[in-house]
Q: 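Mind looking over this structure? Questions follow.
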Amino acid sequence: SNYQFLITKEEISKYATIHSFEPTPKLFANLKHKYGNFDHVFLRNITLANDNKEIDCFQSEPSPTNSCLEPDASLYKDFKLKIAETLDNSTNIKVNGLKLDTWYKENTDGQIIDIVKTDTQGFEYNVIKGGIDSLKENVKLLYFEIQHHDFYKKAIPFYKIYELLYDNGFYYYCHLFSNKRKKYQEIENDVLFVNSKFLKSYDLSCNIKILL
């Protein structure tokens, strides 16, 4: 088989059905302003998590460090990352958490999902754990960010995510978009995992392209 996923803004606006989850009020308001009138874009003011309950969310301005885990400001500063300056004024709010498995059961009719993308700043394991049943049965591709250092307190390391996905039929495809310090030291990457239920690793004719 030959799978080709070309993801561009033009094609998303024309063809894709998108379900977006954003817990922080300001970013959710921005999403509603940009995409609220699209009949194929569905916005939900919640966070995906490994439990269906209210949880903490740490937000700052600007927003790239927003997470449902507390950031380790001292480590960001040790790495001399500019974004560390935003953490001194971060605030803690309560947001509604929902398991992906719960959402999938209540909002789909067993539909196959082409790709799930998550960028949750250290909270990736929690999101994946809360949706592992739906992911392994119904999702072709899983695309997410990993961090190679403990920038967020109580974050589950990447090897645990790898084990969880491997045990549930996903295999690692590639790293994308590395963020490095002093040219060589890896800080974070985007990674792509493929569900072997839909695409086998030995099928050399596969062609997967992600254009963001």
Side-chain angles (χ1 to χ4, degrees), residues 18-28 31 42-60 63-73 75-76 83 86-87 90-108 113 115-173 175-177 179 186-195:
I18 300 170
H19 297 273
S20 177
F21 305 87
E22 172 53 53
T24 58
K26 183 174 181 179
L27 291 182
F28 184 73
L31 286 174
F42 302 90
L43 306 174
R44 292 169 176 81
N45 189 201
I46 60 174
T47 184
L48 293 177
N50 58 338
D51 288 301
N52 297 321
K53 64 180 184 180
E54 190 177 65
I55 60 175
D56 292 323
C57 180
F58 298 84
Q59 61 178 0
S60 57
S63 62
T65 58
N66 287 0
S67 176
C68 291
L69 297 175
E70 183 180 359
D72 187 342
L75 185 57
Y76 270 101
I83 205 166
T86 71
L87 299 177
S90 63
T91 57
N92 182 5
I93 62 172
K94 294 290 185 179
V95 299
N96 292 320
L98 182 71
K99 294 171 64 173
L100 177 61
D101 282 340
T102 302
W103 172 85
Y104 184 88
K105 183 177 180 180
E106 294 177 351
N107 294 277
T108 73
I113 298 174
I115 184 168
V116 168
K117 180 182 184 295
T118 176
D119 182 354
T120 50
Q121 298 299 106
F123 203 61
E124 283 74 22
Y125 181 90
N126 308 67
V127 172
I128 294 169
K129 181 70 173 177
I132 196 61
D133 291 336
S134 303
L135 290 169
K136 69 181 180 182
E137 294 298 331
N138 305 289
V139 175
K140 296 178 182 179
L141 301 175
L142 180 59
Y143 180 85
F144 59 97
E145 183 186 69
I146 61 170
Q147 295 185 327
H148 301 287
H149 307 277
D150 297 329
F151 291 114
Y152 293 86
K153 299 176 182 179
K154 298 183 180 180
I156 306 298
F158 174 53
Y159 79 90
K160 289 288 188 182
I161 305 175
Y162 193 114
E163 289 178 344
L164 175 62
L165 290 173
Y166 182 83
D167 288 343
N168 286 279
F170 281 83
Y171 66 88
Y172 165 78
Y173 189 79
H175 271 57
L176 298 161
F177 310 116
N179 182 10
E186 296 279 3
I187 294 179
E188 57 192 9
N189 304 93
D190 289 349
V191 294
L192 179 67
F193 278 76
V194 178
N195 191 337

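The first residue in the sequence is number 1, and the count goes up from there.
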Q: Looking at every non-hydrogen atom in both residues, tell me the closest pair between L98 and I46 and how far apart they are.
A: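 L98 and I46 have their closest heavy atoms at CD2-CD1, 3.5 Å.
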Q: Starting from the C-alpha separation in whole Å, work towards a yes-or-no answer on side-chain contact (heavy atoms from CB on, under 4.5 Å) for H175 and I146.
A: CA-CA 10 Å; H175 271 57; I146 61 170; 3.8 Å; yes
Q: When rounded to the nearest 0.5 angstrom, what distance separates OG1 in T47 from CZ in F123?
A: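 Separation between the atoms: 5.5 Å.
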Q: What are the two closest non-hydrogen atoms of Y152 and Q147, and how far apart are they?
A: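 Closest pair (atom of Y152, atom of Q147, distance): CD1-OE1, 3.3 Å.
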Q: Is W103 close to T108 at the side-chain level, that is, under 4.5 Å between some pair of heavy atoms?
A: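 Yes, side chains in contact.
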Q: Distance from N45 atom CG to E22 atom CD, nearest 0.5 Å?
A: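 If we round to the nearest 0.5 Å, N45:CG and E22:CD are 7.5 Å apart.
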Q: Rounded to the nearest 0.5 Å, how far apart are CD of E124 and CG of L165?
A: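 Between atom CD of E124 and atom CG of L165 there are 11.5 Å.
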Q: How many angstroms lie between CD1 in I113 and CG in N195, if you round to the nearest 0.5 Å?
A: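 So the CD1 of I113 and the CG of N195 are separated by 11.5 Å.
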Q: Hey, is OH on Y172 packed in by over 12 heavy atoms from elsewhere, all under 6.0 Å?
A: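 Correct, the count exceeds 12.
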Q: For a 4.5 angstrom cut-off between non-hydrogen side-chain atoms, does I161 reach I128?
A: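 Yes - at least one pair of side-chain heavy atoms lies under 4.5 Å apart.
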Q: To check you understand the geometry: which heavy-atom pair defines the closest contact between L69 and G122, and what is its length?
A: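 For L69 and G122, the tightest heavy-atom pair comes out as CD1-O, 3.2 Å.
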Q: Which pair of non-hydrogen atoms, one from K99 and one from D51, has the smallest distance, and what is that distance?
A: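 Heavy-atom minimum between the residues: CG-N, 3.7 Å.
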Q: Test side-chain contact (heavy atoms from CB on, under 4.5 Å) on F151 and D72; report intermediate values, then the result.
A: CA-CA 5 Å; F151 291 114; D72 187 342; 5.7 Å; no
Q: Within a strict 4.5 Å, meaning less than it, do heavy atoms of the L135 and F170 side chains meet?
A: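 Result yes, sub-4.5 Å side-chain heavy-atom pair found.
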Q: State, to 0.1 Å, how close D190 and Y143 come at their nearest heavy-atom pair, and which atoms those are.
A: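 Looking at all heavy atoms of both residues, the shortest contact is OD2-OH, 3.1 Å.
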Q: Salt-bridged, K153 to E70, with N to O below 4.0 Å?
A: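 Salt bridge present between K153 and E70.
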Q: For D56, is there an ion pair with K94 - N to carboxylate O distance below 4.0 angstrom?
A: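 Salt bridge flag = yes for D56 with K94.
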Q: Okay, side chain of S67, backbone of Q121: is any donor-acceptor separation there less than 3.5 Å?
A: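 Checked: pair present.
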Q: In terms of relative ring orientation, are F42 and H19 parallel, tilted or perpendicular, with 30° and 60° separating the classes?
A: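 Because their plane-to-plane angle is under 30°, the rings of F42 and H19 count as parallel.
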Q: Is the distance between the ring centroids of F144 and F193 less than 6.0 Å?
A: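 Close enough - the centres of the two rings lie under 6.0 Å apart.
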Q: Considering only heavy atoms from C-beta outward, does the side chain of T65 approach that of P71 to under 4.5 Å?
A: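 Counting from C-beta outward, T65 and P71 never come under 4.5 Å.
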Q: Counting only N and O atoms by type, is there a donor-acceptor contact under 3.5 Å from the side chain of H149 to the main-chain atoms of E188?
A: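 No.
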Q: Between Y104 and D133, is any pair of side-chain heavy atoms under 4.5 Å apart?
A: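 No. Closest side-chain heavy atoms not under 4.5 Å.
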Q: Quick one: do T118 and F21 satisfy side-chain contact (heavy atoms from CB on, under 4.5 Å)? Show the steps, please.
A: CA-CA 9 Å; T118 176; F21 305 87; over 6 Å; no
Q: Please round to the nearest 0.5 Å and tell me the distance separating atom CG of N66 and atom OG1 of T24.
A: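 Taking CG in N66 and OG1 in T24, the distance rounds to 5.0 Å.
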Q: Quick one, L31 with S20, criterion side-chain contact (heavy atoms from CB on, under 4.5 Å). Give me CA distance, side-chain angles, the key distance, then yes/no.
A: CA-CA 9 Å; L31 286 174; S20 177; 3.8 Å; yes
Q: Is any side-chain heavy atom of F158 less than 4.5 Å from a side-chain heavy atom of N189?
A: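 Not touching, per the 4.5 Å side-chain cut-off.
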Q: Nearest 0.5 Å please: distance from the CG atom of L192 over to the CD1 atom of I115.
A: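 Spacing of CG (L192) from CD1 (I115) equals 6.5 Å.
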Q: Taking the side chain as C-beta and beyond, is there a heavy-atom pair between V116 and S134 under 4.5 Å?
A: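 A side-chain contact under 4.5 Å is absent here.
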